[in-house]
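For reference, the structure is listed below as structure tokens.
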Amino acid sequence: MIIAVDGPAASGKGLLSTLIAKKLDLVRLDTGLLYRAVGQALPDSVDLKIDKKIVINAAKNLKISDLENPALKSENSGVVASKVAVIPEVRQYLLKFQQKFGKNMPFGKRGVILDGRDIGTVVFPNADHKIFLTANANIRAQRRFAELGKKGIKVKYSRVLDDIISRDERDLERDISPLVMAEDAFLIDSSNLKPNQVLDIAIKYIFRDDKV
Ligand code: CDP
């Protein structure tokens with residue numbers, strides 16, 4: 001079984017995917033980490049518009065162990081990720097990485113769940129279940145701000161909101177694999193819902209007509 005969870009920054013995709021993975025015994029891949037890791041592999045001096053080859057090579061050489069770096073959780077890492085994510089060749093290499101992950105299902109597991117922006121549209125257009133999770137930008141910024149605070153990362157609320165809005169714009173407007181809801185995806189607006197309520201709605205959707 002393959003489950004795709006897409007949606008904008010800080011919409012709760014990560015938490016929802018983790019909860020679904022636990023409940024249904026699936027392996028989860030947070031595909032945002034791939035883009036974050038590509039950004040992280042670059043030297044500080046890199047100019048993303050000029051040194052595209054360096055960026056493309058970072059995507060080509062990405063390893064699963066690169067995703068464990070705690071620095072990938074920073075606000076800045078998300079911003080850089082959304083900049084490398086507009087480069088078509090980067091997406092091409094990461095597409096192969098994600099499809100390979102989905103096909104090499106670990107023994108004994110029931111399936112995989114991937115969360116990102118283009119999982120239901122591009123990476124696995126034939127996924128068994130597709131969820132598009134959204135929430136309004138202020139609520140997403142408040143959640144991300146609280147999350148960073150818990151990790152001891154100091155950042156201004158206005159900066160978090162600005163980053164989310166600018167990332168939304170870049171993700172929605174890029175030419176290749178923009179953030180768009182797949183026609184056959186199930187929409188959940190989590191603005192006024194608690195994590196467990198979102199989980200319940202998602203599980204009901206996944207078990208619709210017993211297609212698990
Ligand atoms: O966790 P959050 O929603 O803030 O971001 P993320 O999922 O870690 O993604 C970081 C950035 O990577 C996004 O803003 C996108 O630009 C890019 N991304 C993408 O283009 N396609 C994906 N499947 C996942 C992430």
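Since the model is a prediction, treat every value here as computed from it, not as a measurement. Every number for a ligand or one of its atoms is a count from 1 in the order of the listing.
Using the six-membered ring where Trp is involved, Y205 and F186 have ring planes that are parallel, under 30° apart on the 30 and 60° scheme.
In this structure, L187 belongs to a hydrophobic cluster whose other members, linked by side-chain heavy atoms under 4.5 Å apart, are F132, L172, L179, M181.
Within the structure, the side-chain hydrogen bond (donor to acceptor under 3.5 Å, both in side chains) test picks out the following pairs touching residues 58-82 (sequence neighbours left out): S82-R170.
Closer than 4.0 angstrom to ligand 1 sit non-hydrogen atoms from A9, A10, K13, T31, G32, Y35, R36, A81, S82, A85, R91, G116, R117, D118, R144, R167, D171, R174.
Just one of D6, D171, T31 meets the side-chain hydrogen bond (donor to acceptor under 3.5 Å, both in side chains) condition when paired with R117; it is D171.
The pair R144-D163 does not meet the salt-bridge criterion, since no charged nitrogen lies less than 4.0 angstrom from a carboxylate oxygen.
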Can you give each donor-acceptor pair under 3.5 Å made by side-chain atoms of residues 86-101, sequence neighbours left out, with the distance rounded to 0.1 Å?
from : atom 1 : to   : atom 2 : distance (Å)
R91  : NH1    : A85  : O      : 2.8
R91  : NH2    : Y35  : OH     : 3.1
R91  : NH2    : D118 : OD2    : 2.9
Q98  : NE2    : L94  : O      : 2.9
Q99  : NE2    : V123 : O      : 3.0

